[in-house]
Amino acid sequence: MVFDKNNYSPGTHPDLPPPLGTVGVVGWLKNNLFSSLSNSILTLLSLYLLYLLIEGGLSWFVVDAVVNANDKPGCRKIADGACWAVIVKRFDQFIYGFYPLAERWRIDVSFCLLFVAAAPLLYPDIKFRKYMLVFSCIYPFIAFILIKGGLFNLLMIETNLFGGAMLTVIIGVTSIACSLPLGILLALGRQSRLKLVKVISVCFIEFMRGVPLITLLFVASTMLNYFLPPGTNFNLLIRVIIMMTFFSAAYIAEVIRGGIQAIPKGQYEAADAIGLTYWQTTRFITLPQALKISIPGIVNTFIGLYKDTTLVVIIGLLDPLGIGRAALADTKWNGLSTETYLFVAVIFFISCFAMSRYSLWLEKKLSTDHN
Amino acid sequence: MNSENKNYVIKINEMHKWFGSFHVLKNINLEVGQGERIVICGPSGSGKSTLIRCINRLEVHQQGHISVNGIELSGDLKNLEAIRSDVGMVFQSFNLFPHLSVLENCTLAPIWVRKMPKKDAEELAMEYLERVKIPEQAQKFPGQLSGGQQQRVAIARALCMKPKIMLFDEPTSALDPEMIKEVLDTMIELAETGMTMLVVTHEMGFAKKVADRVIFMDEGEIIEQNTPKLFFTKPTNNRTKLFLSQILNH
């Protein structure tokens, strides 16, 4: 305890520095790691466990790992750690699937442009946002032509050659980009005073949520042919993207509906009282607030959708998981499931972790409370 | 506009309203003249808020007639937004838009309802923010202001639409005592500009100072109305006397 030895007359007490050991590194350690006896014991125990993990893991992951080998026995001859050679040898497949080697630059270019197109959507304060948004609008067409080809002397590539991380990004990004606006419309439709709009929205949402995604994918891959006019050849990849979009749009709609319902009634009354129309209220009052509240739920759904793209393996599309399984089925690499699945996990983790961090950043940025 | 409505900006004629089967407003007759300042008081649940919310149709009346600026409020109202933009409203809980800055709160309706260029709307907003004495807060968000400041922003937001009538629904009831004064001062200044005002409030000091007429409501009816002087000194109805003794003697 620090006692004030000086007696100040009222109103003259100066601002004193806080007692030693309550701020800075020492203060942080004291507060967070050694605040009590049991906390201190747990801290030390955790440090010891961490040490064991790193010591054991490091030798398997790095020290005894083999990067250069032609098959599994080749790996084992060199060392008995992880055999990363399977990843190295098949790295291109993990990224590009069976996309022709000579045309892979088109994927690289599209991927880089994706960031340019996404930037103005993700970062509202970016410079030249207006011009960049124009690019964002035409980007889907650019990407489609680049990846699929068939125009401007670009070789046409069949979609059954698509695979690996590139397939995940195509399905994931397209479905995410399409399901947000569709979800918003469905959420508004469900709240609508127009009975027909409401009924259609409710039916759509309940049907999509009530059916497992895998069923929808089977419908997309097989049954859809029965419903479409004979002779229509509807690309499987597009069918999968549509189903994925519908599926996550239903979830997004419910998340956003939660956000809309969390807005106090007074907001609508104020909007009515100043004479805004329904669409003006929706655009300036309802959606900005509802979407802000729903960010964690929306990102949650997106991350779920992104990981669910692995289900396409069941209808024969080769995403990274499919490529990994193909590698494991190869007699040369038989039994290296730990390495393969770890690598697939890392591919997904990078994207999902990025989404999660972005959503935290956005929540902080949009916060208009105190501080 | 017919000559009968000429001097009255609001005419309410034999108006009734029910919430479900609860008869909340009973046979309301009220005429408000241009520039008239009316204070409506009464115990809670007496229907005072509902009455003024009927005037801009935040609540829908089921029987009788309400006309605002000579336009009858009825079911097939096509330009409700246009009428609402002529009637400003200030709420008990401010109802500022928390995701917009103070300035954006004020410019939103002028830009989108009045179709005013953004620059003009901002100048207008700053003018009114200066009038309610918080121009320095223009870039802040409502959540960063005190209750009194928020309510003054709400008044400025309503005034930015240059309304002909201002409705106040218990504007000081959610405020700390020291902030009530700053809001009332703003309202008094507004009254001095000749604005037509309908104020639901328990601030009897305000009623004495600025009201042309005080209306007392109880159980959905207008029980008594008079000039403030006569209302406070010679109330005729027993319920009015009881109410006044309860709120004035504490």
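We name chains A, B, ... by the order of the sequence lines, and we start the count at 1 in each one.
Panel note: side chain His99(B), backbone Ser367(A); no donor-acceptor pair is recorded below 3.5 Å.
In terms of non-hydrogen atom pairs under 4.5 Å with chain A, the most contact-rich of Pro98(B), Ala109(B), Ser101(B) is Pro98(B). Note: Gly275(A) leads Ala271(A), Gly275(A), Ala273(A) in heavy-atom pairs under 4.5 Å with chain B. Chain B forms more heavy-atom pairs under 4.5 Å with one residue of Ile285(A), Thr277(A), Leu276(A) than with any other, namely Ile285(A). Chain A forms the most heavy-atom pairs under 4.5 Å with one residue out of Met161(B), Arg53(B), Arg157(B), and that residue is Arg53(B).
Proximity of Trp112(B) to Arg283(A): side-chain heavy atoms (C-beta onward) are separated by under 4.5 Å at one or more points. For the pair Asn56(B) and Asp272(A), the minimum side-chain heavy-atom distance is 4.5 Å or more.
Neither the backbone nor the side chain of Arg114(B) comes within contact range of chain A; no heavy atom of the residue lies under 4.5 Å from a heavy atom of that chain. Contacts of Leu167(B) with chain A are absent, with no heavy-atom separation under 4.5 Å from either backbone or side chain. Using a 4.5 Å cut-off between heavy atoms, Phe91(B) touches chain A through its side chain atoms alone. Proximity to chain B involves both the backbone and the side chain of Glu269(A), based on heavy atoms less than 4.5 angstrom apart.
For residues 188-207 of chain A, heavy-atom neighbours of chain B at less than 4.5 Å comprise no residues at all. The stretch residues 260-268 of chain A places Lys265(A), Gly266(A), Gln267(A) near chain B, each with some heavy atom under 4.5 Å from a heavy atom of that chain.
Within 6.0 Å of the NZ atom in Lys162(B), the count of heavy atoms belonging to other residues, nucleotides or ligands does not exceed 12. By the neighbour-count criterion of 12 heavy atoms within 6.0 Å, atom CD of Gln62(B) is densely surrounded, having more than that number from other residues, nucleotides or ligands. Within 6.0 Å of atom CZ in Phe111(A), 12 or fewer heavy atoms from other residues, nucleotides or ligands are found, so the atom counts as exposed in its surroundings.
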Stepwise side chain to side chain contact (heavy atoms under 4.5 Å, CB included) test for Phe284(A) and Ile111(B)
CA-CA 12 Å; Phe284(A) 299 116; Ile111(B) 290 174; over 6 Å; no
Give the intermediate values and the outcome of side chain to side chain contact (heavy atoms under 4.5 Å, CB included) for residues Gln280(A) and Val113(B).
CA-CA 9 Å; Gln280(A) 286 170 342; Val113(B) 181; 4.1 Å; yes
